[in-house]
S.K.: 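First the structure, which I've put down as structure tokens, then a few questions once you've had a look.
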Amino acid sequence: MSPCLTQESKFLVLNERSAWERGLSVNLEVSDNGLKIRDVVKYVFEREDEIEVLSDTFDVKGFAVGPCSQLYILDAASSAIWIYDSNQKQIERIECVGKQFKKPGSIAYAAGSLYVADAEAEERVYALADLNLQIKFAIGTRPRSDSFSLPLPFAPIDLAVDDEGNLFALDQQNLAILRFDEAAQLVDVFGQAELEGKQPVSIALSRAGGLYVLDLADQKVLKFPTWRNGATVDPQFIDFQILINRGILPRAFKPSGFAIDEGGVIYVGDSGENGPGRVDQEDDRFIRKFDSEGKYLGVVEGFRGAVDQLVVDPNNSIFVFRAGEKNRITALRPERRFAQFQGASLVKGRYISRAFDSADAGTIWHKLSSVTRAPPNTQVQISFLSAEDKRMKIGKAEGDLDVFLDETARLDPAIDSQRDEGQVRLADLDKLGWCKPVVNSDDALIAAEGRYLWARIDLIGSEQQSPSVQSLRVDYPRISYLRYLPAVYQDDERSRDFLERFLSLFETFFAGIEAQVDHIARYFDPDSRVAHSEFLRWLSTWLSISVDNNWDDAKLTTLIRRASGIYHKRGTRAAIEEMIEIFTGDRPLVIEHHQGSGAAWLNQTRDSDLKTLRDLYEGLYGKDPFCFCVLLKPFPVKTEEHRNAVRRILDAEKPAHTCAGLLALQPWVQLDTHTYLEVNTYLSEPSARLDFGSSMPRDTVLNDLEQTGQLERRSRINQDTTLI
């Protein structure tokens, strides 16, 4: 907050991010543009796919999401994989791989490959190419490794794959996590100590490198950093029992379904009963959210009910397989919404400033001026609190209000409700005697007296829209136009108050004009914020610049800034090039007569070959010594309207008694025409791309690089086939 002196009055203002951040903000986003309600990702129901062929005899052990929302469904009952196209509503069974499985338990998709775990088959993990579903590699009961050996046969129950192709498997027999490289070699084993005596059932990977394990025995989630040999950051990363004891989760909560999105948010489903004796009441089972630090974030609003499996795709859409409804898969889509104030029914944010200090006791504060934006059905409410001292009674405690604001900046309402008895709470601030709020008004008188003044701003919006506050200014002391009237108009208190408010309307109007006059120099600076579109065009007429609607504000600002320099060389080649460069963004190629058909060495020769060359030059650039050519690079001039604008610039800037030709070059090579290296033509190595502007050399062979080795087809060692 900075004090400024304007004639007889002073004012204090909040208009910078650093100043806003000194106050207390709840459910608000503070930026260089001021305040607005915090926006969050919320999930909305997108669709529910009912797959008729998935009957009650199915035992769906998992599913994975591939490109274009294609679902791979793993059925343990028939040892089969089904591919379901959720866009076309078609399902197909993969017949060729089922005989490899005995009791498959997990499926994962990553980078064009499917990974299937089967703890009872001869080969425990299969990697399949999604292109043709052929086996890329398999991992047996004794994985290949140069450094590790397992005491018990490998029995994977869940899989996860990172962006580098590393495969992580949760081993039920050895109670460990195994990491395999792209060649299916075992390169790391970790987690034995942390998983001993537990019941791990699922793993998930985050893009930041964390590996998470869901443990049903202790009702916890454990976190392993995959780059530190599995040492846990926190063995009690998420403790569901603690959340149940606090009443955050229902007593019957049973974690089921476990996934992480691209931003590191963890999702855990609930397959427990709907509370004892609550069959007829509303379902209290949700998908729960946790951040990357294990903090509880609430529920996924777009879904309610039991969860058996859930998967998050690269677009952060959630696919849910619902327990008890074996032929239904629900899809939830993320959307940006403005956050609801926790514990309230409104989408709301609150800001309380630190004290405005007038430095004088008994100050009568005059008025507020603000720059706000309030879309329909939203509100900006501003109220004030004044006092002679910062120390005051807040709730059951007494202290400095600014100190309390500093200590509780960005206070989470959920934490505030858990503060101990006798401690100051956020709700206690509402009882301090704030004045009646000013609603959706950018100019109003302030009824406050005292050295210090605090501002409280409430932003009330909806999930789709948020009001915003860009700046807030308070004027002091109370100096109104009433002082210019005879004293008799100030004697009666009621009439005095009315006249001050009535005259403040004119004061605001004239103050705006006075501010414009005081800062009129800014209107003549093309780089200033007040020099907007219409004013720039008016300002350009002062410099005899004729522009049309094809000039945007950025180009016009540059032209006005450089106009004086251009006038010094107006009518020259350099001025023409600079003007056109400002408009198009690229410097044109200007060719004068003496450079083309008027070149001395052409006119002096009589050789037939050179005569032919002279004829070519004359065809390209003409014979008139008073004419020149302006060639525009490809692409900057996109429409005929823009070309006509360049033509007008050229006609206005060319020297008197000369003519100018204008040509927009084409981006290709054509002999005996306007082809210029590094202007509209570039020589490069030929490529085999079959698209516009590419060439294919004659020794090129078209081929596909299949990532799976296949008998009786082209298979080349170290190109599309790797021996392991």
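Sequence positions, counted from 1, serve as the residue numbers for this chain.
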S.K.: Taking side chain to side chain donor-acceptor pair (under 3.5 Å) as the definition, give me every residue that meets it alongside R304, ordered by chain and number, with sequence neighbours left out.
M.R.: none
S.K.: Check whether any side-chain heavy atom of F338 sits under 4.5 Å from a side-chain heavy atom of E463, and report yes or no.
M.R.: no
S.K.: Rounded to the nearest 0.5 Å, how far apart are CG of L556 and OG of S540?
M.R.: 5.5 Å
S.K.: Stepwise, does the side-chain contact (heavy atoms from CB on, under 4.5 Å) test hold for F258 with I203?
M.R.: CA-CA 7 Å; F258 187 51; I203 61 174; 5.7 Å; no
S.K.: Just say parallel, tilted or perpendicular for the rings of W20 and Y351, cut-offs at 30° and 60°.
M.R.: perpendicular
S.K.: Partners of F319 by ring-ring contact (aromatic ring centres under 6.0 Å, His included), sequence neighbours excluded?
M.R.: none
S.K.: Please identify which of these residues, L405, I352, V30, I457, meets the side chain to side chain contact (heavy atoms under 4.5 Å, CB included) condition with S25.
M.R.: V30
S.K.: Identify, with sequence neighbours excluded, every residue that meets ring-ring contact (aromatic ring centres under 6.0 Å, His included) alongside W551.
M.R.: F583
S.K.: Under 4.5 Å between any side-chain heavy atoms of R456 and D430, yes or no?
M.R.: yes
S.K.: How many angstroms lie between atom CD1 of I242 and atom CG of L249, to the nearest 0.5 angstrom?
M.R.: 11.0 Å
S.K.: Taking the side chain as everything from C-beta on, heavy atoms only, tell me whether D553 gets closer than 4.5 Å to R537.
M.R.: yes
S.K.: Could you state the interatomic distance from CZ (F286) to CZ (F253), rounded to the nearest 0.5 Å?
M.R.: 12.0 Å
S.K.: Count the heavy atoms of every other residue, nucleotide or ligand shown that sit under 6.0 Å from CG of N377, and state whether that count exceeds 12.
M.R.: no
S.K.: Atom CG in L459, atom CD in Q379: separation rounded to 0.5 Å?
M.R.: 10.5 Å
S.K.: Just jot down the side chain to side chain donor-acceptor pair (under 3.5 Å) partners of T363, sequence neighbours excluded, or say none.
M.R.: S358
S.K.: For the side chain of N315 and the backbone of S317, is there at least one donor-acceptor N/O pair under 3.5 Å apart?
M.R.: no
S.K.: Is there a side-chain contact between I244 and R251 (heavy atoms, below 4.5 Å)?
M.R.: yes
S.K.: Using the test side chain to side chain contact (heavy atoms under 4.5 Å, CB included), find all partners of A455 that sit at least two apart in sequence or belong to another chain.
M.R.: S353, F356, F384, L472
S.K.: Within a radius of less than 6.0 Å around NZ of K289, do more than 12 heavy atoms belonging to other residues, nucleotides or ligands occur?
M.R.: yes
S.K.: Is the shortest heavy-atom distance from the side chain of L429 to the side chain of I394 under 4.5 Å?
M.R.: yes
S.K.: If you apply the rule side-chain contact (heavy atoms from CB on, under 4.5 Å), what do you find for V265 with D291, and how did you get there?
M.R.: CA-CA 5 Å; V265 177; D291 67 11; 5.6 Å; no
S.K.: Tell me whether the rings of F240 and F290 are parallel (<30°), tilted (30 to 60°) or perpendicular (>60°).
M.R.: perpendicular
S.K.: Has the side chain of S466 got a donor or acceptor atom that lies under 3.5 Å from a matching backbone atom of K36?
M.R.: no
S.K.: Kindly compute the distance separating NE2 (H366) from CG (L445), expressed to the nearest 0.5 Å.
M.R.: 6.0 Å
S.K.: Kindly say whether G362 contributes a backbone atom to a donor-acceptor pair with the side chain of E388 at under 3.5 angstrom?
M.R.: yes
S.K.: Going by the side chain to side chain contact (heavy atoms under 4.5 Å, CB included) test, name the single residue among V347, V44, D39, I37 that passes it with R337.
M.R.: V44
S.K.: Taking side chain to side chain donor-acceptor pair (under 3.5 Å) as the definition, give me every residue that meets it alongside D458, ordered by chain and number, with sequence neighbours left out.
M.R.: R350
S.K.: Identify, with sequence neighbours excluded, every residue that meets ring-ring contact (aromatic ring centres under 6.0 Å, His included) alongside Y109.
M.R.: Y72
S.K.: If you define the side chain from C-beta out and look only at heavy atoms, does anything of L401 sit under 4.5 Å from L385?
M.R.: yes
S.K.: Tell me, which pairs form a salt bridge (Lys or Arg N to Asp or Glu O under 4.0 Å) where one or both residues lie in residues 436-447, sequence neighbours left out?
M.R.: K367-D443
S.K.: Does A306 offer a backbone N or O that forms a donor-acceptor pair with the side chain of S271 under 3.5 Å?
M.R.: no
S.K.: Any idea which heavy atoms bring S370 and I382 closest together, and the distance?
M.R.: OG-CD1, 4.1 Å
S.K.: Between Q381 and V438, is a side-chain contact (heavy atoms from CB on, under 4.5 Å) present by the stated rule, with each step listed?
M.R.: CA-CA 5 Å; Q381 299 180 356; V438 176; over 6 Å; no
S.K.: Any side-chain heavy atom of V320 within less than 4.5 Å of one from I329?
M.R.: no
S.K.: Are any of the side-chain nitrogens in R285 or D283 under 4.0 Å away from the carboxylate oxygens of its partner?
M.R.: yes
S.K.: Sequence neighbours left out, what passes ring-ring contact (aromatic ring centres under 6.0 Å, His included) with Y267? Give chain and number order.
M.R.: Y43
S.K.: If the condition is side chain to side chain donor-acceptor pair (under 3.5 Å), which residues does R38 pass it with, not counting sequence neighbours?
M.R.: N27
S.K.: Looking at every heavy atom in both S386 and L453, which two are closest together, and how far apart are they?
M.R.: CB-CD1, 4.0 Å
S.K.: Could you check I446, I364, L12 and say which one makes a side chain to side chain contact (heavy atoms under 4.5 Å, CB included) with Y476?
M.R.: L12
S.K.: As an exercise, state the distance from CD of E48 to CG of L332, rounded to the nearest 0.5 Å.
M.R.: 10.0 Å
S.K.: Name the one of D400, D406, D402, D357 that satisfies salt bridge (Lys or Arg N to Asp or Glu O under 4.0 Å) with K390?
M.R.: D402
S.K.: M392 and D389: which non-hydrogen atoms are nearest, and at how many Å?
M.R.: CE-O, 3.9 Å
S.K.: Could you pull out all residues at least two apart from S292 that satisfy side chain to side chain contact (heavy atoms under 4.5 Å, CB included)?
M.R.: none
S.K.: May I ask you to decide whether K295 forms a salt bridge with E293, counting only side-chain N to carboxylate O separations under 4.0 Å?
M.R.: no
S.K.: For P375, which residues count as a side chain to side chain contact (heavy atoms under 4.5 Å, CB included) partner, sequence neighbours excluded?
M.R.: R373, T378, Q465, P467
S.K.: With a 4.5 Å cut-off on side-chain heavy atoms, are D360 and R451 touching?
M.R.: no
S.K.: With respect to R207, which candidate in D162, D163, D261 satisfies the salt bridge (Lys or Arg N to Asp or Glu O under 4.0 Å) definition?
M.R.: D163
